[in-house]
Amino acid sequence: MTVPFLDLKAAYDELAERAEPAMLKALRSGWYILGPEVDDFEAAFARYCEADHAIGVANGLDALELALLALGIGSGDKVLVPSNTYIATWLAVSQCGAIPVPVEPNPETHNIDAAAVRSAPLEGVKAVIAVHLYGCPADVTSLAVAAKDAGIYLIEDGAQAHGAKWQGQRIGGHSDAVCWSFYPGKNLGALGDGGAVTTSNADVAERLRLLRNYGSSKRYSHEIRGRNSRLDPVQAAFLSVKLDRLDEWNARRCEIAQRYLAAFENTGLGLPKVPAEADPVWHLFVIRHPERDALAAKLADRGVQTLVHYPTPPHMQGAYRDLGYAEGDFLIAEQLARNILSLPIGPHLSLEQSEQVIEAVLTEI
Ligand SMILES: *Cc1c(COP(=O)(O)O)cnc(C)c1O
């Protein structure tokens with residue numbers, strides 16, 4: 001039996017009975033840009049994130065880029081980013097004309113921390129983007145203090161962390177702008193692209209509403225040079241239904257993660273480390289193994305699909321050749337990229353499937 005890495009069809013099937021009437025209502029409404037479905041989802045998502053505002057946008061990359069623009073970051077500015085994130089975090093910075101400055105993560109949590117911000121070169125730096133990688137929150141409390149001390153903004157990339165908590169508070173309301181992706185594979189995934197920014201800063205929220213909609217709050221009046229990046233109402237209708245189930249589905253992910261952690265304890269396998277203050281949502285379950293590629297091949301032979309998030313750090317991608325980084329410049333990110341392996345996890349992974357994963361891993365390590 002093959003254990004798929006993630007089963008999106010099963011997720012759809014479980015929601016279909018409630019989601020299809022909601023989407024049909026949106027389709028038959030005669031209203032196809034922003035409007036009541038988007039308003040309702042934004043209100044529900046803001047409440048869920050313990051933030052005052054949520055602004056729906058077209059995707060997670062736009063969420064990050066528009067958040068940077070809303071905070072006034074642009075040409076020539078520098079922004080601290082993790083050296084081991086998905087490239088979108090870097091691209092958002094580049095897209096608005098600023099320069100990404102990599103900082104290394106803590107090798108055990110995979111997240112950047114306050115110490116990394118404090119020891120970074122801060123000349124010209126306007127902001128730091130903390131990524132809650134794999135669904136485990138970074139220490140936003142200490143990061144906020146470090147950012148404040150440095151006189152820079154803290155932005156969060158929550159694309160992998162819908163529903164996660166730090167010190168009992170949901171990710172989404174801690175800083176000036178928390179950026180979300182609703183890419184189908186995320187914990188709160190849509191049926192296509194989507195994204196949002198949550199904030200409790202009314203000025204930032206106002207700017208984001210302009211930026212995503214041609215700089216306009218009134219038809220044919222354009223206060224700033226905005227763009228077209230709006231959350232689609234049919235996706236919003238689906239997301240509202242899915243949001244109601246998010247805690248339950250995240251709880252199923254946590255159950256699988258606990259089973260993996262217990263089974264792999266004391267095996268020598270590198271396991272995710274969860275700080276005491278964090279309630280992670282296990283977007284991914286990432287192990288570390290010195291012979292990662294060989295292990296992945298053996299697991300595949302046993303029907304267990306795995307992936308690597310991510311095999312090449314942004315500083316070694318062709319897209320960033322012009323920044324002049326070389327192999328060896330960010331050793332923690334490079335070492336992680338060689339050793340990490342993501343095991344199947346998701347709300348629709350059955351007990352039997354997780355047992356098959358555990359047995360395969362214990363046999364092959
Ligand atoms: C998915 C993801 C994004 C980008 O989201 P899109 O909706 O695909 O544009 C950004 N950052 C991280 C960490 C992600 O995982």
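Order of listing sets the numbers, starting from 1, for every ligand and every atom in it. On a predicted model such as this, the values are computed, not experimentally measured, just so you know.
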Exercise for review: Report yes if Asp157 has an N/O atom closer than 3.5 Å to an N/O atom of ligand 1; otherwise report no.
Suggested key: yes
**Study point:** Under the side chain to side chain contact (heavy atoms under 4.5 Å, CB included) test, residues paired with Arg338 that sit two or more places apart
**Key:** Glu327, Glu334, Gln335
**Study point:** Nitrogen or oxygen atoms of Lys186 and ligand 1 under 3.5 Å apart
**Key:** yes
Exercise for review: Determine yes or no for a side-chain-to-main-chain donor-acceptor pair under 3.5 angstrom, with Asn187 supplying the side chain and Val281 the backbone.
Suggested key: yes
Review point. What do you reckon, does Thr85 have a nitrogen or oxygen under 3.5 Å from a nitrogen or oxygen of ligand 1?
Key: no
Check your understanding: Is there a side-chain contact between Tyr134 and Ser342 (heavy atoms, below 4.5 Å)?
Key -> no
Check your understanding: Hey, which of Arg170, Lys242, Arg252, Lys165 is the one that makes salt bridge (charged side-chain N to carboxylate O under 4.0 Å, His left out) with Asp247?
Key -> Arg170
Review point. Does His283 offer a backbone N or O that forms a donor-acceptor pair with the side chain of Arg253 under 3.5 Å?
Key: yes
Review point. Looking only at N/O atoms, are Val131 and ligand 1 under 3.5 Å apart anywhere?
Key: no
**Study point:** Option set Ser181, Gly189, Pro184, Ala63, criterion heavy-atom distance to atom 8 (O) of ligand 1, minimum
**Key:** Ser181
Exercise for review: Give yes if a backbone or side-chain nitrogen or oxygen of Leu61 is under 3.5 Å from a nitrogen or oxygen of ligand 1, and no if not.
Suggested key: yes
Check your understanding: Should you measure from each heavy atom of Ala159, which atoms of ligand 1 turn up under 4.0 Å away?
Key -> 2 (C), 3 (C), 10 (C), 11 (N), 12 (C), 14 (C), 15 (O)
Practice item. Could you tell me whether Arg227 and Glu65 have a side-chain N and a carboxylate O separated by less than 4.0 Å? Key: yes
Point to revise | Gln160 N/O to ligand 1 N/O under 3.5 Å | key: yes
Review point. Where is the nearest protein heavy atom to atom 4 (C) of ligand 1: which residue, which atom, and how far?
Key: Ala88 CB, 3.7 Å
Point to revise | salt bridge (Lys or Arg N to Asp or Glu O under 4.0 Å) partners of residues 95-111, not counting sequence neighbours, each pair once | key: Glu108-Lys273
Practice item. May I ask you to list the atoms of ligand 1 that are less than 4.0 angstrom from any heavy atom of Gly60? Key: 5 (O), 6 (P), 7 (O), 9 (O)
